[in-house]
Undergrad: 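Below you'll find the structure I mean.
For ligands, and for the atoms within them, numbers begin at 1 and follow the listed sequence.
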Amino acid sequence: MEEPTDRFTKKKVAVVGGGLVGALNACFFAKRGFDVEVFETREDIRQAKVVKGRSINLALSHRGRQALKHVGMEDKIVSQGIPMHARMIHSLSGNQTPIPYGKKGQFILSVDRANLNKELLTKAETYPNTKLNFDHKLKDWSPETGLMTFTRLDGSNDQIKADLIVGCDGAFSAIRKQFLRRSRFNYSQTYIPHGYMELTMPPINGEFAMKPNFLHIWPRNTFMMIALPNLDKTFTCTLFMPFEEFEKITTGDEVIEFFQKYFPDTISLIGVDALKRDYFRLPGQAMVSVKCSPYHIGDKCVLMGDAAHAVVPFYGQGMNAGFEDCIVFDEVMEQLNEDFSAVLPEYTRVRVPDDHAIADLAMYNYIEMRAHVNSKWFLFRKHVDNLLHFFMPNTIIPLYTMVTFTRTRYHKAVDRWHWQDNVINRGLLFGATGAVLGGSYLLIKNPPDINKLIIPAEKMWDRLVSLWTS
Ligand code: FAD
Ligand code: EGU
C-alpha cells in the first residue's frame, strides 16, 4: 500500500462556481495538494452544444496571464488568442486611427470565453486530487458547519461538507448571501443606466472584415461600440447604450436608422439583414458593479472573482482582476503556511483595497466615456498620455499601462496616477508662468512685427488640428 503522504491528510476545499475564476482556482488549490471539488450549476460546457452566457470574447492582459502562468497555462491560452497591439479608433466619418497600447511587442489578447473556460476545466481535471461536479447548484450553506446544499436538475439534493469554501459563483453569488446576513459586512451594488448587446461581424471572402490585430472602438459619448476579433475570423461587436435608448428602437428600420446616424461604417460589415435580426435576438444586458468587504467568514469561506467584486467592463479588467485574486491568495497561503484562520483575514486585508480601486476606476472610466468621449477627444487624450510618457518615461506612466501591463497594485496605480496629475499640473503652471514672464521680457526687449507673428500662429493651429483629427 501507499505511504500516508501529505496528500491524504490534506484538507478538503470546495470551489463553488466552475466559471473562469473557479476553474483556475481549482488548479491553484490542486497544485498545493488539497482535496479539491468544484461545484457548477451548468452542465459541462465541454459537452454542451450551445454555450449560453455572457460576452463571447474578453481582453486578456498581464495580470491574467501571470495567473495562467502559475498553473502552466499561459503559453497555451496565448497561442489561442489574437494579439491586439493597438486600439483602432473609428470616427463618425469612417476614419480609422490606430493608437498603440505600448512599445513594440506590447499587446493585449482577444480570447474566447467559452474556450478559455473549457481549457481551464480540462486542466483542473488533470490533477488527480480534483473532482468536477456539474449540474450542482448551490442553494444554501452554513457558515457554522460548512455544510452546503446543492440542487440538481432531477430535483434531488446533495449535501456536502468542506474545510474551506471558495465562492467563485459570479456577480450574483449564492455564497455571498450568507455574508449579507452578518453584522459588519459592507456591501454595495450599482446598476449603471447602460446595457450591452453583442452583434457579429462575419468574415468577407474568408478574411476578417476589419484589421484583426486591433481593439476597434467607436466612441460616441452616450453610445459606444467595441469590437474584438475571434479565431473564426469574425468580430464580436459590443454595443453599449442606455436602456431607454434600447427601448426607443422597436423596428428593423429604426435599427438601421440608428446605425446610419452613429456607426455608419459598420452597417455593410455586419449586414443589413443580420443587423435587423440580431438586434432583436436578446434584449440589452444589464451591467452591475459590486463592492463588499470582508471577503471571508472565519476560517471557513472566502469570495473571489466577480462574487467578491463585479466591475463594469470599461477597463477590460474583470477577469484579469479575478485571476489576480488567485495569485494573491496563493501568495498569502505561502507566507502563512496554509493556516486558513490566518490566511483568510490577511487575504481580505491585502486584496480589498485593490479590488475596490479597480471597481472605482472602471466606474470612473464609464462616467468619463459617457460624458464627453468622442473619437477626437479619445485620440487627443491618448496622444497626450503617450507624449508625456515619451518625454518622461520614468515619471509619467499612463494609468492604463500600469493597470494593463504591470502587476502594480491597483490602489498604488491610482495613487501614482493622482501624484502624476499633480506633477503635470505643476509642470503646466510652471511652464505657463515661465512662458508669460520670459515672453513678456522678450517682447518688451524686441517688439515684433505683428504681421509676421500671426502667420506662424495660424500654421501652428492647423498643425494642432491635424494632430487631433489625423
Ligand atoms: P463568472 O464568469 O460569472 O462564473 C461564475 C460561475 O458560477 C458560472 O459558471 C455560474 O454558472 C456559476 N454559478 C453561479 N451561481 C452558482 C450556484 N449557485 N451554484 C453553483 N455554481 C454557480 N473581463 C476582462 O478581464 N476583460 C474583458 O475584456 C472583459 N469584458 C467584459 C465584457 C462584458 C460585456 C462583461 C459583462 C464582462 C467583461 N469582463 C471582462 C468581466 C468578466 O466577464 C468577469 O469578470 C469574469 O467572467 C468573472 O469570472 P467569475 O468566474 O468570477 O464569474
Ligand atoms: C469593454 C468591453 C478603450 C472588452 C477602456 C480602452 C472593454 C473591453 C479602455 C469589452 C475603451 C475603454 C482597456 C484595455 C479594454 C483602451 C483600457 C474595454 C476591453 C482604459 C468585450 N480597455 N477593454 N481602457 O485603452 O485600459 O483601449 O467587451 F473603449 S482593454 Cl472603455 Cl487595455
Undergrad: Please could you name the atoms of ligand 1 that Cys168 approaches to less than 4.0 Å, counting only its heavy atoms?
TA: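 Per the distance check, 5 (C), 6 (C), 7 (O).
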
Undergrad: Within the 4.0 Å heavy-atom shell around His136, which atoms of ligand 1 are there?
TA: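 So the atoms of ligand 1 that pass are 19 (N), 20 (C).
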
Undergrad: I'd like to check which ligand 2 atoms, numbered from 1 as shown, lie under 4.0 Å from a non-hydrogen atom of Gly316.
TA: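 This gives 15 (C), 18 (C), 19 (C), 22 (N), 23 (N) as the contact atoms.
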
Undergrad: Compute whether any side-chain donor of one residue and acceptor of the other, for Asn95 and His90, lie under 3.5 angstrom apart.
TA: no

Undergrad: For Tyr410, does the six-membered ring have the charged nitrogen or CZ of Arg63 within the cation-pi criterion, i.e. under 6.0 angstrom from the centroid and within 45° of the normal?
TA: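 Yes, a cation-pi geometry holds between Arg63 and Tyr410.
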
Undergrad: Measure the acute angle between the ring planes of Phe314 and Tyr366, then classify it against the limits of 30° and 60° as parallel, tilted or perpendicular.
TA: tilted

Undergrad: Any N/O of Tyr196 closer than 3.5 Å to an N/O of ligand 1?
TA: no

Undergrad: Is any N or O atom of Gly305, backbone or side chain, closer than 3.5 Å to an N or O atom of ligand 1?
TA: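 Among all N and O atoms of Gly305, none is under 3.5 Å from an N or O of ligand 1.
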
Undergrad: Hey, is ligand 1 close enough to Lys137 that some N/O pair sits below 3.5 Å?
TA: no

Undergrad: Do the two ring centres, one from Phe150 and one from Phe39, sit under 6.0 Å apart?
TA: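 They qualify: ring centres under 6.0 Å apart.
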
Undergrad: Can an N or O of Met319 be found at a distance shorter than 3.5 Å from an N or O of ligand 1?
TA: yes

Undergrad: Would you compute the distance between atom CE of Met88 and atom NZ of Lys211 and round it to the nearest 0.5 angstrom?
TA: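 Met88 atom CE to Lys211 atom NZ measures 4.5 Å (nearest 0.5 Å).
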
Undergrad: Can you see whether Thr200 engages Asp278 through a side-chain donor-acceptor pair at a distance of less than 3.5 angstrom?
TA: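 Note: Thr200 and Asp278 side chains miss the donor-acceptor criterion.
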
Undergrad: Answer yes or no: are there more than 12 heavy-atom neighbours, outside Lys137 itself, under 6.0 Å from its atom NZ?
TA: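 Not buried by this count: 12 neighbours or fewer within 6.0 Å.
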
Undergrad: Which of parallel (below 30°), tilted (30 to 60°) and perpendicular (above 60°) describes Phe179 and Trp141?
TA: tilted

Undergrad: Assign the ring pair Phe246 / Tyr279 to parallel, tilted or perpendicular, where the plane angle (0 to 90°) is split at 30° and 60°.
TA: tilted

Undergrad: So for ligand 1, is Ala307 a polar contact partner (N or O within less than 3.5 Å, distance only)?
TA: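 Ala307 vs ligand 1: no N/O contact under 3.5 Å.
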
Undergrad: Please compare Asp169, Val111, Val15 and report which has the shortest non-hydrogen distance to atom 15 (N) of ligand 1.
TA: Asp169

Undergrad: Give the atom numbers and elements of ligand 2 that come within less than 4.0 Å of a heavy atom of Met369.
TA: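 In order of number, 29 (F), 31 (Cl).
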
Undergrad: Using a 4.0 Å cut-off to any heavy atom of Arg42, which atoms of ligand 1 qualify?
TA: 8 (C), 9 (O), 11 (O)

Undergrad: Could you list which atoms of ligand 2 come closer than 4.0 Å to a heavy atom of Pro313?
TA: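 Reading through ligand 2 atom by atom, the close ones are 1 (C), 2 (C), 7 (C), 18 (C).
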
Undergrad: For ligand 2, is there an atom lying under 4.0 Å from some heavy atom of Thr404?
TA: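 Within the 4.0 Å threshold, so yes.
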
Undergrad: For ligand 2, which atoms have a heavy atom of Ile217 less than 4.0 angstrom away?
TA: 3 (C), 11 (C), 27 (O), 29 (F)

Undergrad: Determine whether the side chain, the backbone, both or neither of Ile108 has a heavy atom under 4.0 Å from any heavy atom of ligand 2.
TA: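 Answer for Ile108: side chain.
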
Undergrad: Is the closest side-chain donor-acceptor distance between Asp158 and His136 under 3.5 Å?
TA: yes

Undergrad: Going by the atom numbers of ligand 1, which of them fall below 4.0 Å from some non-hydrogen atom of Gly318?
TA: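 Selected atoms, number and element: 23 (N), 24 (C), 25 (O), 41 (C), 45 (O).
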
Undergrad: Angle between ring planes, Tyr295 versus His356, binned at 30° and 60°: parallel, tilted or perpendicular?
TA: perpendicular

Undergrad: Please confirm whether Glu198 approaches ligand 1 to less than 4.0 Å, judged on its heavy atoms.
TA: no

Undergrad: Can you check whether Tyr101 has an N/O within less than 3.5 Å of an N/O in ligand 2?
TA: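 By distance alone, the answer is yes.
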
Undergrad: Taking atom types as modelled, is there a side-chain donor on Gln96 or Asp265 under 3.5 Å from an acceptor on the other?
TA: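 The answer is no; no qualifying pair exists.
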
Undergrad: Can Thr122 and Arg46 be counted as having a side-chain donor-acceptor contact under 3.5 angstrom?
TA: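 Per modelled atom types, Thr122 and Arg46 side chains form a pair under 3.5 Å.
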
Undergrad: Quick one: which of Glu40, Gln317, Arg113, Arg63 has a heavy atom closest to atom 11 (O) of ligand 1?
TA: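 Looking at heavy atoms only, Glu40 sits closest to atom 11 (O) of ligand 1.
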
Undergrad: Classify the contact between Met224 and ligand 2 as side chain, backbone, both or neither, using a heavy-atom distance cut-off of under 4.0 Å.
TA: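 Under 4.0 Å from ligand 2, Met224 contributes side-chain atoms alone.
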
Undergrad: Regarding ligand 1, does Met304 bring an N or O atom to under 3.5 Å of one of the ligand's N or O atoms?
TA: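 No, Met304 has no N/O under 3.5 Å of an N/O on ligand 1.
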
Undergrad: By the side chain to side chain donor-acceptor pair (under 3.5 Å) test, which pairs, at least two apart or in different chains, include something from residues 384-401?
TA: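 Passing the test, one end in residues 384-401: no pairs.
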
Undergrad: I'd like to know if Asp355 and Lys291 make a salt bridge, using a cut-off of under 4.0 Å between side-chain N and carboxylate O.
TA: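 Here Asp355 does not pair with Lys291 in a salt bridge, since their nearest N and O are not under 4.0 Å apart.
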
Undergrad: Both conditions, 6.0 Å and 45 degrees, for the charged tip of Lys382 above the ring of Phe378: are they met here?
TA: yes

Undergrad: Where on Gln285 is there a heavy atom closer than 4.0 Å to ligand 1, on the side chain, on the backbone, on both, or on neither?
TA: neither

Undergrad: Taking atom types as modelled, find out whether Asn213 and His85 have a side-chain donor-acceptor pair closer than 3.5 angstrom.
TA: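 Result is no, nothing qualifies.
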
Undergrad: Regarding atom 20 (C) of ligand 1: of the candidates Asp140, Asn25, Thr41, which has the closest heavy atom?
TA: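 Looking at heavy atoms only, the winner is Thr41.
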
Undergrad: Which pairs with one or both residues in residues 160-171 pass side chain to side chain donor-acceptor pair (under 3.5 Å), sequence neighbours excluded?
TA: Asp169-Ser173

Undergrad: Is any side-chain heavy atom of Leu92 closer than 4.5 Å to a side-chain heavy atom of Arg220?
TA: yes

Undergrad: Using the ring of each side chain (for Trp, its six-membered ring), is Tyr196 parallel, tilted or perpendicular to Phe240, with breaks at 30° and 60°?
TA: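 It falls in the tilted class, 30° to 60°.
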
Undergrad: Under a plain distance cut-off of 3.5 Å, with no hydrogens placed, do Gln80 and Asn115 share a side-chain donor-acceptor pair?
TA: yes

Undergrad: Is the shortest N/O to N/O distance between Thr238 and ligand 1 below 3.5 Å?
TA: no

Undergrad: If you count the atoms of ligand 2 from 1 in the order shown, which ones are under 4.0 Å from a heavy atom of Asn57?
TA: 21 (C)

Undergrad: Suppose I only count heavy atoms of Tyr400 and a 4.0 Å limit; which atoms of ligand 2 are within that range?
TA: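 Listed by number with element, the hits are 26 (O).
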
Undergrad: Can you find a side-chain donor-acceptor pair between Asp112 and Asn57 that sits under 3.5 Å?
TA: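 No, no side-chain donor-acceptor contact under 3.5 Å.
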
Undergrad: Taking heavy atoms and a distance under 4.0 Å, where does Trp218 meet ligand 2: side chain, backbone, both or neither?
TA: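 Trp218 to ligand 2: no contact under 4.0 Å from either part.
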
Undergrad: Examine Asn57 against ligand 1 and note whether any of their N/O atoms are separated by less than 3.5 Å.
TA: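 No, Asn57 has no N/O under 3.5 Å of an N/O on ligand 1.
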
Undergrad: So between Ala59, Ala86, Gly102, whose heavy atom ends up nearest atom 19 (C) of ligand 2?
TA: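 Going through Ala59, Ala86, Gly102 one by one, Ala59 has the nearest heavy atom to atom 19 (C) of ligand 2.
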
Undergrad: If the cut-off is 4.0 Å to any non-hydrogen atom of Phe39, which atoms of ligand 1 fall inside it?
TA: 20 (C), 21 (N)

Undergrad: Ignoring hydrogens, just give me the one of Thr238, Thr401, Val403, Ile56 whose non-hydrogen atom is nearest atom 28 (O) of ligand 2.
TA: Thr238

Undergrad: For ligand 1, which atoms sit closer than 4.0 Å to a heavy atom of Gly170?
TA: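 Near Gly170, the atoms of ligand 1 are 3 (O), 5 (C), 53 (O).
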
Undergrad: So which of Ser173, Gly19, Ala321, Gly22 gets nearest to atom 4 (O) of ligand 1, if we judge by its closest heavy atom?
TA: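 Considering heavy atoms of Ser173, Gly19, Ala321, Gly22, the nearest to atom 4 (O) of ligand 1 sits in Gly19.
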
Undergrad: Report yes or no: does a heavy atom of Phe240 sit under 4.0 Å from some atom of ligand 2?
TA: yes

Undergrad: Ligand 1 and Gly316, any nitrogen or oxygen pair closer than 3.5 angstrom?
TA: yes

Undergrad: Can you sort out which atoms of ligand 1 are near Ala174, meaning under 4.0 Å from one of its heavy atoms?
TA: 18 (N)

Undergrad: Which one holds for Leu215 and ligand 2: side chain close, backbone close, both close, or neither close, with close meaning a heavy atom under 4.0 Å?
TA: side chain

Undergrad: So, is Arg87 polar-close to ligand 2, with some N/O to N/O distance under 3.5 Å?
TA: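 Among all N and O atoms of Arg87, at least one is under 3.5 Å from an N or O of ligand 2.
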
Undergrad: Where's the contact between Asn365 and ligand 2, heavy-atom distance under 4.0 Å: side chain, backbone, both or neither?
TA: side chain

